[in-house]
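Notes for the one structure printed next.
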Amino acid sequence: MLGGSLSCKTANINGTLLYLLGKCRSMLELKKLHAIGISFGLSHEDSFIYKILSFSALSNSGDIDYSYRVFSQLSSPTIFSWNTIIRGYSNSNNPIRSLFIFLKMLRHGVAPDYLTYPFLVKASARLSKQESGVSVHAQIIKTGHESDRFIQNSLIHMYASCGNIMWAHKIFDSIQGKNLVSWNSMLDGYAKCGEMALAQKVFESMQERDVRSWSSLIDGYVKDGEYREAMAVFEKMRAVGPKANEVTMVSVLSACAHLGALEKGRMMHKYIVDNCLPMTMVLQTSLVDMYAKCGAIEEALLVFRGVSKSQTDVFIWNAMIGGLATHGLVEESLKLFKEMQMVGIRSDEITYLCLLAACAHGGQVKEAWYFFESLVKCGMTPTSEHYACMVDVLARAGQLTTAYQFICQMPIEPTASMLGALFSGCINHRNLDLAETVGRKLIELDPNNDGRYIGLSNVYAVVKRWDDAKSMREAMERRGVKKSPGFSFVEISGILHRFIAHDKTHPDSDETYSMLHFVVCQMRHGCRQDNQEENLLNDTSIEDDLILF
DNA sequence: ATTGATGAAC
């Protein structure tokens with residue numbers, strides 16, 4: 001048929017198919033329409049092929065590899081088709097393919113245009129590969145596109161993602177007529193690099209701010225560990241800024257989780273519901289994590305069970321399994337892992353880390369070995385965290401020699417957290433000889449950690465090697481190791497209280513101390529007779545540990 | 001047809 005022009009009948013079919021493609025919701029539907037199109041001879045009709053390409057490359061329910069297969073069959077694809085594929089891969093979980101397609105495009109003698117570059121820059125940003133970003137940048141200059149604002153904005157983001165904040169700033173400075181995206185990209189760049197003072201400065205210099213500006217600032221504070229500051233910015237946003245969206249709330253919930261601020265977290269949950277924000281998987285995962293970290297495991301489960309199984313992904317299962325594990329609900333967390341496998345969600349390295357943590361809390365050595373081995377069997381490589389967790393399991397269970405051998409046989413260098421786990425194990429199980437060996441290595445490895453010196457000093461004190469005990473404390477002073485007081489938070493009626501040892505400035509200090517004394521007396525009464533050794537090994541007495549700030 | 005953001009374990 002055809003030779004370039006469509007018959008009246010196929011033109012109608014094409015029109016109908018184009019309309020239906022516009023309504024298409026899934027790859028299955030798309031493939032059916034594609035098949036019908038082919039059977040009517042439309043496989044080279046531009047408008048039809050474009051629709052097939054863009055849906056499969058760009059839609060959320062698309063399939064970029066399908067798009068690429070269709071693309072490969074075109075004899076001389078237009079720049080539109082090349083751009084669609086490059087864009088599709090830049091958003092995929094395999095962004096490096098964008099760059100490969102770009103090379104292919106150059107080899108085919110097709111010149112990239114002003115739309116090609118933002119996708120390529122984005123692919124480099126997502127890869128955090130500065131080398132490829134720089135080559136793309138060079139191409140941009142070579143082809144005279146360096147003053148395109150879209151391209152400049154994407155370059156800011158790329159350099160910031162690659163950790164080169166100086167170049168990001170250079171690009172930002174060079175932009176004539178910066179727009180909101182330019183400012184937001186610079187702000188986000190600083191926030192991502194932990195330069196919060198500069199991020200704050202950019203934020204304050206902005207003439208106009210949208211939800212992304214606020215979200216970037218909040219998220220920056222969260223990533224920087226400034227959770228209270230993050231909450232303060234959110235409160236300000238509520239008062240004078242735009243409405244928060246689901247991305248803002250993910251950061252805010254993370255701040256609540258780190259602060260253990262349950263009441264605040266509940267209020268944020270309510271904010272999400274009241275403002276009808278879309279309940280994405282990411283948001284639900286954040287809620288599960290927040291409730292679990294704030295000690296409200298029942299509420300975490302409630303959110304988790306509210307998600308339909310077919311929608312779940314590995315993130316939310318990990319959050320729930322990990323939450324149960326840290327709550328000491330070992331059986332439940334192992335049961336949930338089985339359920340996860342039944343649903344057909346592939347577990348990853350983090351899943352195994354959560355499971356090993358569960359085993360450590362429950363003293364399940366056999367299960368831990370089983371998980372450690374299945375991790376390897378599933379083709380994953382154990383990270384130093386997996387090894388540390390495994391050492392923790394063995395050390396807590398008192399299998400100190402096995403733990404020590406395990407460390408010696410690892411294919412990687414021992415880390416401070418592994419030796420730290422073994423050290424606590426030695427102390428709890430009274431193997432003070434091994435404690436000395438491990439403690440000495442630990443100080444070598446982590447010479448700026450005050451706790452390591454004090455721990456070893458206490459071991460010497462127990463075995464009455466007073467000189468050694470003293471010399472550990474002296475070594476610490478001599479090396480100028482800062483003694484950092486540990487502190488903790490508790491939230492009561494939505495207000496956060498901070499506790500540090502030996503400070504009594506809190507207004508309710510007296511009352512809290514008398515309650516503390518009462519509790520300690522009760523505990524002592526019910527405990528075995530305590531002796532000096534016990535106290536020394538725990539570094540300080542219970543009162544000292546809990547003293548109010 | 002373009003640029004800018006978010007989750008799990010230590």
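Per chain, numbering begins at 1; letters A, B, ... match sequence-line order.
- Classified by interplanar angle (parallel below 30°, tilted 30° to 60°, perpendicular above 60°), the ring pair A:F102/A:Y117 is perpendicular.
- Between A:E204 and A:K236, none of the side-chain N atoms (NZ, or NE/NH1/NH2) sits under 4.0 Å from a carboxylate O, so this pair counts as no salt bridge.
- Listed nucleotides: B:dC10, B:dA8, B:dG7. Nearest to the side chain of A:N318: B:dA8.
- Comparing atom distances between the A:D219 side chain and each of B:dA8, B:dT6, B:dT2 picks out B:dT6 as nearest.
- Note: A:Y271 and A:F234 have perpendicular aromatic rings, judged against thresholds of 30 and 60 degrees for the angle between ring planes.
- When each of B:dT3, B:dA8, B:dA1 is scored by its nearest atom to the side-chain atoms of A:N83, the top-ranked nucleotide is B:dA1.
- Counting atom types as modelled, A:S286 pairs no side-chain N or O with a base atom of B:dG7 as donor and acceptor under 3.5 Å.
- For A:N245, the side-chain atoms get nearest to B:dA5 when compared with the rest of B:dA5, B:dT6, B:dC10.
- Side-chain atoms of A:R87 and base atoms of B:dA1 include no donor and acceptor less than 3.5 Å apart.
- Candidate nucleotides B:dT3, B:dT2, B:dA8 were compared by shortest atom distance to the side chain of A:L115, and B:dT2 ranks first.
- Between A:D65 and A:R69 there is no salt bridge, since none of the side-chain N atoms of the basic residue sits less than 4.0 Å from a carboxylate O of the acidic one.
- Nearest nucleotide to the side chain of A:Y114, out of B:dG7, B:dT3, B:dT2: B:dT2.
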